Each structure stands twice: as structure tokens, then as C-alpha cells.
Colleague: 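Supplied in C-alpha cells, the structure appears directly below.
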2 protein chains.
Amino acid sequence: MNSAVASDLPRYPASVTVDLVIFTLREDDLHVLLIERGNEPYRGASALPGGYVRPRESLDGAALRELREETGLDGRALHLEQLGAYGDPGRDPRGRVITVAYLALGPDLPVPVAGTDAADAVWVPVRRALGPGFGLAFDHGAILADAVEKARERLEYTTVAVSFCREPFAISDLRRVYEVIWGIALDPSNFRRKVLKTAGFVEPTGERRAAEAGRPAALYRFGGARDLYPPLLRSGEVAGRTREAVPVGGA
Amino acid sequence: MNSAVASDLPRYPASVTVDLVIFTLREDDLHVLLIERGNEPYRGASALPGGYVRPRESLDGAALRELREETGLDGRALHLEQLGAYGDPGRDPRGRVITVAYLALGPDLPVPVAGTDAADAVWVPVRRALGPGFGLAFDHGAILADAVEKARERLEYTTVAVSFCREPFAISDLRRVYEVIWGIALDPSNFRRKVLKTAGFVEPTGERRAAEAGRPAALYRFGGARDLYPPLLRSGEVAGRTREAVPVGGA
DNA sequence: ACTTTTTCTAGTCTTCTTGACCATAATGGC
DNA sequence: GCCATTATGGTCAAGAAGACTAGAAAAAGT
């Protein structure tokens with residue numbers, strides 16, 4: 001507040017929205033939920049789901065509501081965190097709109113729920129959404145790119161990777177999360193050692209899963225720890241059978 | 001955007017402000033720049049400097065402008081990054097105000113510049129600002145607490161600590177930054193080894209500084225690297241001569 | 001002048017973590 | 001039964017970090 005100014009609100013009125021970057025893993029690929037815009041501007045283009053923050057609503061509350069409306073899912077079942085605010089003056093041709101972006105992570109979600117706003121919501125591989133020729137509306141390309149980087153970083157220092165796994169899960173399921181999002185291959189044995197040694201990351205259920213191929217895997221559930229210490233750093237990781245990385249920096 | 005709605009802007013008009021958490025080190029203590037509010041609400045209380053985002057201004061631009069107005073400093077000389085958006089419905093009694101908080105880090109700054117908005121800006125030890133009996137206006141206590149945690153985290157994974165040092169600086173100056181912000185003591189020898197081994201953290205100037213006491217220290221400048229790999233993790237650090245930690249979680 | 005104090009600098013040693021491997025187990029398919 | 005495939009368990013060496021010892025270089029005190 002400028003303490004020398006005595007004016008009252010609102011000044012420079014603007015609209016505030018929340019936009020959701022909802023990630024999930026489908027077919028060993030990172031997907032993001034996008035909707036097709038039915039109105040101008042950017043009619044026909046894809047965009048992140050989102051909407052206006054209502055008068056008596058908190059930002060987090062608006063994000064939870066939109067998440068429920070778009071995916072039909074209870075936000076408490078997913079990982080949801082704020083990504084940041086985006087407010088460049090020209091980002092919305094209709095006027096001044098500041099958006100607060102949220103990052104949501106969840107297991108392979110039941111296809112977008114019909115009967116909601118998300119009737120025309122679709123899962124799109126992030127690789128494709130950020131690729132050339134896929135023009136996301138507004139500055140959603142930049143938001144998505146930031147979200148990918150944020151997700152990659154969160155995997156290093158927290159246990160959010162389990163948010164992508166439906167319980168019970170195998171260590172290899174968890175490993176695949178890291179491999180897909182980081183775009184590199186991890187050594188199964190070393191990854192396993194790290195996960196099991198980290199207190200509170202996972203805990204065994206006792207069950208094992210019939211495999212499509214190979215030895216059956218022991219199953220685990222989330223262990224309750226939020227932070228990962230020491231962190232699980234990407235970096236000097238396997239160079240060998242590198243998976244193609246999800247391109248970043250687009251839009 | 002809710003694709004099923006055809007309305008035009010603005011909907012649910014709100015005001016958008018930026019608030020700055022400007023940290024610096026003074027007398028071996030983490031200080032934050034606060035202003036005394038001259039108007040209602042919270043007249044007379046301390047608050048983070050900030051102000052309205054203007055119609056044609058980006059959020060980052062508004063933060064830079066406020067920084068210049070409040071400290072008289074060129075924002076490009078400081079580290080400045082977005083902290084996040086705060087928008088609880090009741091946070092400002094005057095109406096709906098969403099604020100985007102920024103974190104600014106700089107070396108012991110020349111006392112708040114007079115002749116600007118910041119005429120009554122003062123440096124306050126964070127410990128005190130977060131302590132009991134020091135009621136910050138609005139939700140600025142929570143924002144400040146988040147900023148402290150963010151700063152602590154940034155020190156682990158990035159080289160921003162140098163933002164607190166005026167060049168040229170000694171390794172021990174850098175160490176003091178970590179010690180003050182983390183609130184723990186670090187082993188001088190091990191810290192030195194870590195800093196010098198990390199490529200791009202610092203580079204020697206060749207000079208050395210006359211000491212008030214003890215052996216003169218070699219001087220360094222920033223090495224250009226932004227990220228710290230491997231990170232410099234707080235955690236199992238020295239328990240012995242622990243400095244009192246800056247309390248967090250207040251307000 | 002000499003000692004003490006202080007801080008910077010250098011090095012050792014042990015422990016922990018990681019990455020690179022290798023070997024074996026347990027399953028389905030042929 | 002043999003092979004492909006995945007899971008699991010272990011070894012080994014390199015690197016990083018914490019604990020510590022000690023020397024170097026200055027100011028301050030006696």
C-alpha cells in the first residue's frame with residue numbers, strides 16, 4: 001500500500017482467475033488436461049481449465065472448486081499447490097486479468113467427466129501441448145512450461161511422485177513416474193534402494209502383484225513423509241537408455 | 001476460463017497489489033523493510049511495502065517499480081523473485097484485494113531513502129517482526145513467514161546468498177549469510193571447501209582484506225552460477241554453537 | 001618482544017550416499 | 001525345459017559431508 005495515498009478500493013479494477021495445470025500419467029507419458037475454448041478470444045484453441053475466483057472465495061478454494069468441476073475429483077485426493085501469478089497486461093485481450101496458476105498431480109484419472117464444464121476436456125501429452133503448431137490460448141504455454149519444471153523439481157525434494165500412483169503400487173510404478181517426468185532412465189536397483197531407505201516414503205503392504213511379464217512386484221503404499229531427505233537429485237543420471245525428454249521452454 | 005460462459009470482463013472486479021519482502025543483513029541479523037501505515041485500515045501498524053499494479057504494468061514491473069520507490073535501488077542490482085499470490089477474501093477489509101508477494105534480497109542497503117514513499121520505512125529484525133506483540137497489517141505476517149522459509153530454501157539450492165554480499169567479499173561473509181538466515185552455525189573449514197569446490201559460486205579477486213581481528217581473508221566475487229549442485233543442505237548441521245533461529249510460522 | 005586471541009586456511013579420517021555393475025529370483029511365453 | 005522379462009539383492013569404487021586437528025597471519029595485550 002502506498003502510505004501516502006488515501007484512496008479507497010477498488011483501484012485499477014481487474015479480474016482474477018485461477019488456472020489449473022492438471023498432470024497425470026497415461027501410457028507412460030505425461031499428460032495435461034486441456035479444454036477446447038468455445039468462446040472468443042482464442043475460440044477453438046486449447047487452454048488450461050480454470051475460471052473466475054468468486055467474491056467470497058479464497059484462491060485455494062477456487063482452485064479446489066475448479067478441480068472438482070473439471071475432473072469430478074475431490075481435490076483432497078490430489079496434490080494441489082500454487083504455481084504462481086501471471087499478470088502481464090496483454091495476456092488477455094479482454095482486459096486486465098490476473099491469473100493464479102495451480103499445479104495438480106494425480107493418478108491416471110478417470111477420463112474427463114461429462115456433464116460438467118469439462119465435457120470437452122481432453123488429456124493431451126505435454127510433449128505435444130508444448131510442441132510447435134499447438135497454440136495454447138493466452139499465456140498458457142508459458143504456464144505449462146513452468147509447471148513442468150516445477151513438477152520435475154518437486155520430484156527431487158518431495159514425495160509427491162506417489163500422487164501419480166494409485167495404491168497399492170510397485171516400486172517400478174514409482175520409478176516410471178520419475179523416468180517419464182524427468183525424461184531419463186533410472187537404474188532400477190539404485191532407485192529401489194533409495195526409496196526403501198528413505199523413511200516414510202513408502203511402506204510395504206505385504207501383497208505382491210501378478211505381473212504381465214517378469215517377476216511379480218511387491219506392493220507398497222504411501223508412507224506419509226512429505227519431504228525427501230536427502231533429496232533424489234536428477235542430474236548426473238543415466239545417460240544410456242535415455243527417454244526422450246519432455247521439451248520445455250515452449251510458448 | 002469457463003468455456004460455457006460467454007460473459008465479458010471484468011467479472012468479480014478486484015484490486016491487485018504487489019507487496020515486497022525486502023531482506024538484508026544488518027549487524028549479523030536478518031532484517032526486513034517495513035513501513036508504517038499512515039491510513040486506515042491498520043493505521044499506525046507496520047506493513048510490507050507495496051502498492052497497486054497499474055493498468056499497463058506487468059507484475060514483475062510493478063515489483064521493480066515499488067522496489068525503486070521504496071528503496072531508491074535499481075531492482076536489477078538485487079535478487080527479485082515472485083513468492084506467490086495471496087487472496088483470502090477477508091485479507092483486506094476494504095474489499096477484494098489480491099496481492100502478489102515478491103522476495104527481494106540485497107546487501108546491507110543504504111538506509112531507506114527519504115524523499116520517497118519510504119520516508120517512514122525502517123529496517124526491522126525479522127525475529128522481532130514475527131514475534132509476539134508485533135502485529136503486521138493484513139496477512140503480511142504470514143507472507144513474511146513464507147518469505148523466510150523461501151529464502152532458507154533458496155540458499156540450499158542456489159547461489160543467491162551472494163546477493164546479500166557486497167563485492168568483493170570474503171568466504172566468511174558468505175558463511176555468515178547462511179548462518180544468520182538458517183539460524184545455525186556452520187563449520188568454517190567445511191563451508192569453505194564446499195564453496196570453493198562448487199564451480200561458478202565464487203571466483204578469487206586476488207585481493208585480501210585487512211581484518212579487524214585474525215588472519216586477513218582472501219576476497220572473492222560472484223562466479224556467475226545460478227544453481228548449486230550438489231546443493232548445500234541444511235539439516236544435520238552443527239548442533240553445537242547453534243545461533244538462535246529466526247522464528248517462523250508467526251502471524 | 002613475546003604471548004594471547006582471533007580468524008582464515010589446509011588437511012585428515014570416517015561415514016554416508018551414489019552410480020555402475022553383477023547375480024539371482026520368479027514369472028509368462030515358446 | 002529354455003528364454004525373455006522384470007524384480008530384487010548385493011558388491012565396489014568414487015564422491016560428498018561431518019568431525020576434527022593444526023598451522024598461518026594478523027591485532028591486541030602484557
Side-chain angles (χ1 to χ4, degrees), chain A residues 28 155-157 165 168-179 182 184-199 201-220 227-243, chain B residues 28 155-157 165 168-179 182 184-199 201-202 204-220 227-242:
Chain A
D28 285 1
L155 255 47
E156 294 189 274
Y157 308 116
C165 298
F169 53 85
I171 300 280
S172 55
D173 295 329
L174 200 54
R175 176 164 49 87
R176 212 172 316 281
V177 173
Y178 279 87
E179 292 184 325
W182 283 353
I184 60 178
L186 298 176
D187 180 89
S189 183
N190 292 340
F191 179 82
R192 173 193 177 72
R193 176 182 59 191
K194 172 73 180 176
V195 170
L196 292 182
K197 172 158 46 170
T198 302
F201 201 165
V202 300
E203 55 188 30
T205 64
E207 316 163 76
R208 27 186 66 248
R209 174 167 61 195
E212 324 118 23
R215 175 175 175 173
L219 296 178
Y220 299 82
D227 291 327
L228 213 49
Y229 185 83
L232 181 41
L233 302 169
R234 57 184 155 154
S235 62
E237 285 299 344
V238 164
R241 45 199 190 100
T242 303
R243 309 174 78 109
Chain B
D28 285 1
L155 289 192
E156 295 189 274
Y157 308 117
C165 298
F169 53 84
I171 301 280
S172 56
D173 295 330
L174 200 54
R175 176 164 48 87
R176 210 172 317 280
V177 173
Y178 279 87
E179 293 185 324
W182 284 355
I184 59 178
L186 298 175
D187 181 88
S189 183
N190 292 340
F191 180 82
R192 173 191 177 74
R193 176 180 59 190
K194 173 70 181 179
V195 169
L196 292 181
K197 172 158 47 173
T198 302
F201 200 165
V202 300
T205 64
E207 315 163 77
R208 26 187 66 249
R209 175 167 59 195
E212 323 118 24
R215 177 175 174 173
L219 295 178
Y220 299 81
D227 291 327
L228 213 49
Y229 184 83
L232 181 43
L233 302 169
R234 57 185 154 154
S235 61
E237 284 299 343
V238 163
R241 46 201 188 100
T242 303

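In what follows, chains carry the letters A, B, and so on, assigned in the order in which the sequence lines appear, proteins first and then strands, with residues in each chain numbered from 1. These figures come from a predicted structure and were not determined experimentally.
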Colleague: What heavy-atom pair brings A:E156 and A:L228 nearest, and what distance separates the two atoms?
Modeller: O-CD2, 3.7 Å
Colleague: Output the rounded distance in Å from CG (A:N190) to C1' (D:dT8).
Modeller: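 About 12 Å, once rounded to whole Å.
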Colleague: At under 4.0 Å between heavy atoms, what does A:A170 touch on the DNA or RNA strands: base, sugar-phosphate, or nothing?
Modeller: nothing
Colleague: Would you mind telling me which residue lines up with the more 5' stretch of DNA chain C, A:E212 or B:Y220, judged by nearest nucleotide?
Modeller: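 It is B:Y220 whose nearest nucleotide is closer to the 5' end.
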Colleague: Taking for each residue the nucleotide of DNA chain C with the nearest heavy atom, is it A:A213 or A:S189 whose nucleotide lies nearer the 5' end?
Modeller: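 Taking each residue's closest nucleotide, the earlier one in sequence belongs to A:S189.
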Colleague: Tell me if the side-chain of A:S172 makes a donor-acceptor pair with the base of D:dA7, cut-off 3.5 Å, by modelled atom types.
Modeller: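 Donor-acceptor pair under 3.5 Å: no.
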Colleague: Send over the distance from A:R176 CZ to D:dA7 P, rounded to a whole Å.
Modeller: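 To the nearest whole Å, that distance equals 7 Å.
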Colleague: Nearest whole angstrom, please: distance from the P of C:dA20 to the CD1 of A:I184.
Modeller: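 Between P of C:dA20 and CD1 of A:I184: 10 Å.
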Colleague: Take atom CZ of B:R209 and atom C1' of C:dT7, then tell me their distance rounded to the nearest Å.
Modeller: 11 Å
Colleague: For B:Y229 and B:D227, run side chain to side chain contact (heavy atoms under 4.5 Å, CB included): C-alpha distance rounded to whole Å, both residues' side-chain angles, the deciding distance at 0.1 Å, then the answer.
Modeller: CA-CA 6 Å; B:Y229 184 83; B:D227 291 327; 5.7 Å; no
Colleague: For A:G214 and for A:I171, find the nucleotide of DNA chain D with the closest heavy atom, then tell me which residue's nucleotide is more 5'.
Modeller: A:G214
Colleague: Find the distance B:R193:CZ to C:dT12:P and express it as a whole number of Å.
Modeller: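 That distance rounds to 12 Å.
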Colleague: Has the side chain of A:R215 got a donor or acceptor atom sitting under 3.5 Å from an opposite partner on the base of C:dG28?
Modeller: no
Colleague: What's the CG-C1' distance between B:D187 and C:dT7, to the nearest Å?
Modeller: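 My rounded result for the distance is 13 Å.
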Colleague: Rounding to a whole Å, what distance do you find between A:F169:CZ and D:dT6:P?
Modeller: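 Checked: the CZ to P distance equals 20 Å.
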Colleague: Starting from P on D:dG18, measure out to CZ on B:R175 and report it in whole angstrom.
Modeller: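 To the nearest whole Å, that distance equals 14 Å.
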Colleague: If I compare all heavy atoms of A:R209 with all of A:A170, which pair ends up nearest, and what's the gap?
Modeller: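 The answer is NH2-CB, 3.3 Å.
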Colleague: Does D:dA16 have OP1 or OP2 under 4.0 Å away from a side-chain N or O of B:K194?
Modeller: no
Colleague: Would you say B:V195 and B:Y220 make side-chain contact, with heavy atoms under 4.5 Å?
Modeller: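 SC-SC contact between B:V195 and B:Y220 ruled out.
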Colleague: Are the side chains of B:K194 and B:P230 in contact, using a 4.5 Å heavy-atom criterion?
Modeller: yes
Colleague: Do any side-chain nitrogens or oxygens of A:R192 fall under 4.0 Å of OP1 or OP2 in D:dT8?
Modeller: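 Indeed, a polar side-chain atom of A:R192 lies that close.
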